[in-house]
Amino acid sequence: MPQIIPYQTLMQTLTVDLGSRSYPIHIGPGLLDRADLILPHLAQKRVVIVTNTTVGPLYLERLTQTLTAAGVRVTPVVLPDGEAYKNWETLNLIFDALLTDRAERKTTLIALGGGVIGDITGFAAASYQRGVPFIQVPTTLLSQVDSSVGGKTGINHPLGKNMIGAFWQPQLVLADTKTLNTLPDRELSAGMAEVIKYGLITDAEFFDWLEANTAPLMQRETAALTEAIYRSCANKARVVAADEREAGLRALLNLGHTFGHAIEAGMGYGVWLHGEAVAAGTMLAADLSRRMGLVKQADCHRAEALFQQAHLPVKAPNLGADEYLRHMGVDKKVEGGKLRFVLLRGIGNAFVSEAPADLLQQTLTEAVA
Ligand code: NAD
Ligand code: GLY
């Protein structure tokens with residue numbers, strides 16, 4: 001008889017350590033069926049599941065069945081899909097539904113989807129009745145390794161990405177790795193950008209592991225994906241526990257994001273995926289670091305090769321230096337009107353610094369497509 005391995009043994013769990021607001025991240029296949037993991041985190045047997053028109057048809061019924069079978073009343077809210085909808089109008093659709101349904105302070109919001117759904121649902125939870133509980137059920141690689149963890153929630157403004165929001169931690173993150181089977185290839189690659197980011201920032205050993213394991217990851221082998229998600233979440237949980245509100249260390253998680261957010265806003269939200277913009281943005285940060293004499297060309301090449309193995313763009317679009325500077329001027333790391341960047345001294349060694357204007361100008365004109 002072949003041995004049947006129970007889901008419990010395949011599931012990995014780690015904790016985001018935030019004192020009384022600590023919460024678990026469960027990672028593994030089939031977790032959408034696990035009411036037992038969700039029930040202890042509900043303040044009342046009532047939830048509102050927020051999802052979108054792509055993820056809803058795939059997974060809403062399944063999660064709803066899991067919860068209703070456990071006696072939980074479920075109200076669904078299905079939003080339009082896309083980064084372009086991460087805005088006030090869509091946020092208001094959630095509030096409309098919550099008020100129409102008379103959702104209460106103890107009603108839990110569940111975000112079922114990628115980072116867009118996670119960010120907007122989290123912000124709705126942070127602000128509805130001045131704050132209600134929420135649970136992240138991330139269904140993209142990017143959201144499983146990054147956006148569902150750490151409590152950054154929010155929406156975009158036409159003048160700046162993620163500029164309106166709140167820190168609001170979830171009660172639980174439930175990452176069902178089976179949901180990644182339906183993810184389009186381009187979205188899988190976009191998630192790899194944030195995975196590679198952790199290696200570049202502080203975890204050189206993880207970077208080495210990724211260089212050796214990109215092929216099984218891109219083929220969606222469960223063991224490789226679970227390991228990559230676990231190690232990414234462990235990196236993120238450590239940083240968030242040390243610096244929840246981004247007074248210092250947490251800013252490192254934004255490697256490539258200053259340039260990347262400018263690419264997203266400059267090209268129009270949704271044209272470049274967030275992860276794609278982060279990959280190309282990281283190569284601009286690497287180029288600037290090299291021009292500043294901080295990082296060796298060989299390390300830049302290793303980063304470029306790994307992004308390419310993950311089918312990610314490594315050349316940022318030529319928006320024009322002025323357009324880049326205009327968008328980067330509203331970056332959250334700006335201090336006293338001065339731009340600051342996450343730069344590299346080597347693989348696994350990132351830090352935050354200002355950069356000489358002439359070298360930045362060179363990067364924005366010479367290192368772009
Ligand atoms: P996304 O949420 O737009 O999802 C990508 C696409 O995949 C969407 O079309 C979605 O409907 C679809 N999808 C989701 N799960 C699927 C599945 N299992 N099968 C098939 N299709 C599926 O994009 P994303 O990359 O998950 O998230 C990007 C967003 O996350 C950006 O808005 C970014 O700013 C944000 N973000 C936030 C943080 C944070 O700390 N809060 C960190 C990183 C990124
Ligand atoms: N994605 C950056 C952060 O969570 O801080």
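Start at 1 and go down the list; that is how both ligands and their atoms are numbered.
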Using the six-membered ring wherever Trp is involved, compare the ring planes of Phe341 and Phe259 and label them parallel, tilted or perpendicular (cut-offs 30° and 60°).
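Answer is parallel, since the angle falls under 30°.
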Students often mix this up, so state it plainly: with edges at 30° and 60°, are the rings of His274 and His257 parallel, tilted or perpendicular?
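Answer is perpendicular, since the angle exceeds 60°.
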Check this for me: Glu221, atom CD, are more than 12 non-hydrogen atoms of other residues, nucleotides or ligands nearer than 6.0 Å?
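Count over threshold, so yes.
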Between [X] and [Y] (side chain of the first, backbone of the second, donor and acceptor by atom type, cut-off under 3.5 Å), is there such a pair?
X      : Y      : answer
Asn235 : Arg231 : yes
Glu276 : Leu273 : yes
Gln144 : Asp176 : yes

Sequence neighbours excluded, which residues qualify as salt bridge (Lys or Arg N to Asp or Glu O under 4.0 Å) partners of Asp185?
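Salt bridge (Lys or Arg N to Asp or Glu O under 4.0 Å) check on Asp185 returns Arg220.
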Go through the structure and list residues passing side chain to side chain contact (heavy atoms under 4.5 Å, CB included) with Ser143, not counting sequence neighbours.
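Per chain and number, Ser143 pairs via side chain to side chain contact (heavy atoms under 4.5 Å, CB included) with Pro138, Thr140, Ser147.
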Where does ligand 1 get N/O contacts under 3.5 Å from the protein, atom by atom?
from     : atom 1 : to     : atom 2 : distance (Å)
ligand 1 : 2 (O)  : Gly115 : N      : 3.0
ligand 1 : 2 (O)  : Val116 : N      : 3.0
ligand 1 : 9 (O)  : Asp81  : OD1    : 3.2
ligand 1 : 9 (O)  : Asp81  : OD2    : 2.7
ligand 1 : 11 (O) : Asn52  : ND2    : 3.0
ligand 1 : 11 (O) : Asp81  : OD1    : 3.1
ligand 1 : 11 (O) : Asp81  : OD2    : 2.9
ligand 1 : 15 (N) : Thr139 : O      : 3.3
ligand 1 : 15 (N) : Thr139 : OG1    : 2.7
ligand 1 : 18 (N) : Thr139 : O      : 3.0
ligand 1 : 18 (N) : Thr179 : O      : 2.9
ligand 1 : 18 (N) : Thr182 : OG1    : 3.3
ligand 1 : 19 (N) : Thr182 : O      : 3.3
ligand 1 : 19 (N) : Thr182 : OG1    : 2.7
ligand 1 : 26 (O) : Gly115 : N      : 2.8
ligand 1 : 26 (O) : Thr140 : OG1    : 2.6
ligand 1 : 27 (O) : Gly115 : N      : 3.2
ligand 1 : 32 (O) : Glu83  : OE1    : 2.7
ligand 1 : 32 (O) : Glu83  : OE2    : 3.1
ligand 1 : 32 (O) : Lys86  : NZ     : 2.7
ligand 1 : 32 (O) : Lys161 : NZ     : 3.1
ligand 1 : 34 (O) : Lys86  : NZ     : 3.2
ligand 1 : 34 (O) : Lys161 : NZ     : 2.8
ligand 1 : 34 (O) : Asn162 : ND2    : 3.2
ligand 1 : 40 (O) : Lys236 : NZ     : 3.4
ligand 1 : 41 (N) : Asp119 : OD1    : 2.9
ligand 1 : 41 (N) : Lys152 : O      : 2.8

List of N/O pairs, ligand 2 versus protein, all under 3.5 Å?
from     : atom 1 : to     : atom 2 : distance (Å)
ligand 2 : 1 (N)  : Asp146 : OD1    : 3.3
ligand 2 : 4 (O)  : Lys236 : NZ     : 2.5
ligand 2 : 4 (O)  : Arg250 : NH2    : 2.8
ligand 2 : 5 (O)  : Lys152 : NZ     : 2.8
ligand 2 : 5 (O)  : Arg250 : NE     : 2.7
ligand 2 : 5 (O)  : Arg250 : NH2    : 3.4

Assess Arg345 against Phe351: is NZ or CZ under 6.0 Å from the centre of the six-membered ring, and within 45 degrees of the ring's axis?
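Output yes; distance and angle both within limits.
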